[in-house]
Structures are given as C-alpha cells and as structure tokens.
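Numbering of ligands and ligand atoms starts at 1, following listing order. Keep in mind that the numbers below use all heavy atoms, side chains included, and drop hydrogens, waters and symmetry copies.
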Amino acid sequence: MKRLTSIEIESLTPYAPGKPIEELERELGISGSIKLASNENPIGPSPKGIAAIAGHVKNLHRYPDGAAHYLKAAISEKFGCSASEIILGNGSNELLDIIVRTFLLEGEEAIFAEPSFVVYKMSTQAAGRKGISVPLKDGRHDLLAMADAVNDRTKIIFIANPNNPTGTINTREEMYAFMARVPGDAIVVLDEAYFEYVVNPEYPDMFRYLRDGRNIIALRTFSKIYGLAGLRIGYGFAPARLVDLMNRVRAPFNTNSLAQAAAMAALGDDEHVKESVRVNEEGKKYLYAELTRMGVDYLPTQANFIWIDLHKDARVVYDALLRKGVIVRPMGPTQIRVTIGLPAENERFVKALAER
Ligand SMILES: Cc1ncc(COP(=O)(O)O)c(C=O)c1O
C-alpha cells in the first residue's frame, strides 16, 4: 500500500466527533441538555444486550474469540447465510476501513455520493487513493450518474441506503437497475446501518446479489437500533472469497468480548427493536407535523434522523440551539441533521427551533 507523505497526512480532515455533553454544558453554563447529533437510539441499549455483558466481565483477562464463532452463528441463523459470508468489525466504521485497505489497490478509485457518510471519503483519502464524489439528486443517491462515473480504475462504489445525512433510500427498482450496469469486478459496498428502521416496502433486498455471487458487501451495525454504539461492533455480508481476504487484513481481535456477547443477545431482542421502531415512527410523525406547521423544509426519512434545510446559516442555528441545550449536527451550509429522540426531546427541539 502506498504510504502517505507527512504533508498528505496533514491535509487529511479528521472526523469531527461532538464534544462530551458535560464539557459543552460547562463551557456554556447550562445543564440538562439533550444530544440529537449522532443518530443514537434514544430508548437506550437492548436490555438483553446489557444483561449478557455481566456474564462475561469475569473473563476480561482472556482475549476475545477472534473468529467470533457464536456471534457469527447467530447472525448466520437469523439471516440465512453461511458464517463464511460474515465479517465483523469494531463498528461498521472499521469495516469500511478494512474494505479500503483490502481492495482499493494502487491506481484504483472509489466512488461515493456527496453528501453521504463522510468515512467513505476519509478512508479512501487515508489510504492515499482517489475518490470520485457524485452529488445527490433531490437528496438521494443519483445512481444513474454514479454508474456513469464508473471507469476502468473504479474498484469500490459506496452506497448508503438509507443515506446519512439525508435519510433517503434508493428503491429496489433503482438498485437493481444500477447493479445491472456495474461491472462485475467492481465491489459495491452497500451501507445499511439504518436497515432496521426502514418502513418503505420499496427497500431493496440485496441478499439476492450475494446468492448470485456478485461483488457486494452489505454492512450493518449494532450501533443504531440495537443501541450498542459505545461497544463498537458492526457486521457485513459478502461472498466468502471477499470475507476471506478481509480476514487477512483485519486485526486478529478487532471485536471485543463484551461487544460480541451483547451483540449476540441484542440480535434476539425483538421487543427492543420493535419498540425502537415504534418510538422512531411516532417521533417522525410528530416532527413532520411540527416542521410543516413552522414552514420548515425537510426530507421524509427512512432512518432515525431528519435532514432539515433552514435556508439560513446552519452554524448560526446550531449555535442558537446549543445555547438552549439542544445538540444537533450542522451538515451543510444551510442544513442541519437532527436525530429523532424521545417525545420530550423532540418537543424540546421543536420549541428551541421555533424560538431561535
Ligand atoms: C451510514 C453510516 N454508516 C456507518 C456508520 C458507522 O457506524 P458504526 O457505529 O457501526 O461504526 C454510521 C454512523 O453514523 C452511518 O451513519
């Protein structure tokens, strides 16, 4: 792999995580603020996941199972695929990095949408590779333009479905038409971090491409609906030959034992998933109604966050909300992204937005 020069490393933009709430409150002299900035599950972690951790704490002097045998077995049973088609990562974020390091070779290029999840670009740049960004169209991946952007150096195409930060999806028909145009040797990375929140029946089932042996890697995570973001664990489905290559590149113990145990239990916590979807749908309806009432532009979402265009400097609005203890994410010149929270959090956001 090409090594970056120190100047190239200095030119990389670091991921900007939010400050700890306690630190922000201290700086602003406020208390009781709410965080609607990172698309976390507002109802908290899966209770079954939490309970599973306790039983594993006494074994923390042991290394985790590097092959995550039991978790892979649980995932393979739930989704009807072979354990050899599953890869695990320290969050799906790490999987994105592993994918780039494994497959994006010298002289090859990646394609991603703009705006989309920023890590596609960051991982590509950090590996010293070229990325081509294709603007969204009406807030959605422009799959026709992305297929047009493919050239003979294209190796990876990243697609977030639903997309972060817009919450939009590409439909079955659009994805299938796209897959028909993509050359078989390119790898389509389908990032489905918000998969469980999707209620639109037009959402594509990408497993058919795995069964067909296409170069596709579908990524999922325990950070969102399962509420385990702090444990850092995500998973992906890919043909066994691609999983085998990624396993050669990843660190031997990249997922920790508590995360594996919690993830396995959370995967079977249907009640928590159902309740998370219910709270999200309820919050979505409330926010749609209030934003419409205020005449604020937003995009209907299939995820647990909403993309809002305020048609004025997003940073100014972000700061005004912050002072009222409501933390959102500025996401463009005039746009913010707000995570759908608990009813009281949504009400507080609406009130703060109305008063800004
Ligand atoms: C589209 C998308 N993919 C991946 C991730 C990373 O999730 P993880 O916590 O599994 O690394 C996020 C997190 O915000 C996301 O929005």
Open item on the list: Who clusters with Trp307? Use side-chain heavy atoms, under 4.5 angstrom, across I, L, V, M, F, W and Y, and order the result by chain and number.
Closed with: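 Leu299, Met331, which link up through side-chain heavy atoms under 4.5 Å apart, make up the rest of the cluster.
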Starting from the N and O atoms of ligand 1, find every protein N or O within less than 3.5 Å and list the pair with its distance.
unit_1   : atom_1 : unit_2 : atom_2 : d
ligand 1 : 3 (N)  : Asp191 : OD1    : 3.2
ligand 1 : 3 (N)  : Asp191 : OD2    : 2.5
ligand 1 : 7 (O)  : Ser92  : OG     : 3.3
ligand 1 : 9 (O)  : Ser223 : OG     : 2.6
ligand 1 : 9 (O)  : Arg232 : NH1    : 2.8
ligand 1 : 9 (O)  : Arg232 : NH2    : 3.4
ligand 1 : 10 (O) : Ser92  : N      : 2.7
ligand 1 : 10 (O) : Ser92  : OG     : 2.8
ligand 1 : 10 (O) : Thr221 : OG1    : 2.5
ligand 1 : 10 (O) : Ser223 : OG     : 3.4
ligand 1 : 11 (O) : Ser92  : N      : 3.2
ligand 1 : 11 (O) : Asn93  : N      : 2.9
ligand 1 : 11 (O) : Arg232 : NH2    : 2.7
ligand 1 : 14 (O) : Tyr194 : OH     : 3.4
ligand 1 : 14 (O) : Lys224 : NZ     : 3.0
ligand 1 : 16 (O) : Asn164 : ND2    : 2.7
ligand 1 : 16 (O) : Tyr194 : OH     : 2.7

Task: Residues forming a salt bridge (charged side-chain N to carboxylate O under 4.0 Å, His left out) with Arg26, sequence neighbours excluded - done: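 Scan of Arg26 (salt bridge (charged side-chain N to carboxylate O under 4.0 Å, His left out), adjacent residues dropped) gives Glu23.
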- [ ] Using the six-membered ring wherever Trp is involved, compare the ring planes of Tyr288 and Tyr298 and label them parallel, tilted or perpendicular (cut-offs 30° and 60°).
- [x]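 Rings of Tyr288 and Tyr298: parallel, under 30°.
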Open item on the list: Students often mix this up, so state it plainly: with edges at 30° and 60°, are the rings of Phe117 and Tyr120 parallel, tilted or perpendicular?
Closed with: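 Geometry flag for Tyr120 against Phe117: perpendicular rings.
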Task: Non-neighbouring partners of Asp244 that pass side-chain contact (heavy atoms from CB on, under 4.5 Å), sequence neighbours left out - done: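 Asp244 satisfies side-chain contact (heavy atoms from CB on, under 4.5 Å) with Arg248 once adjacent residues are dropped.
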Task: Residues Glu108, Arg153: salt bridge by 4.0 Å N-O rule - done: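 No salt bridge links Glu108 with Arg153.
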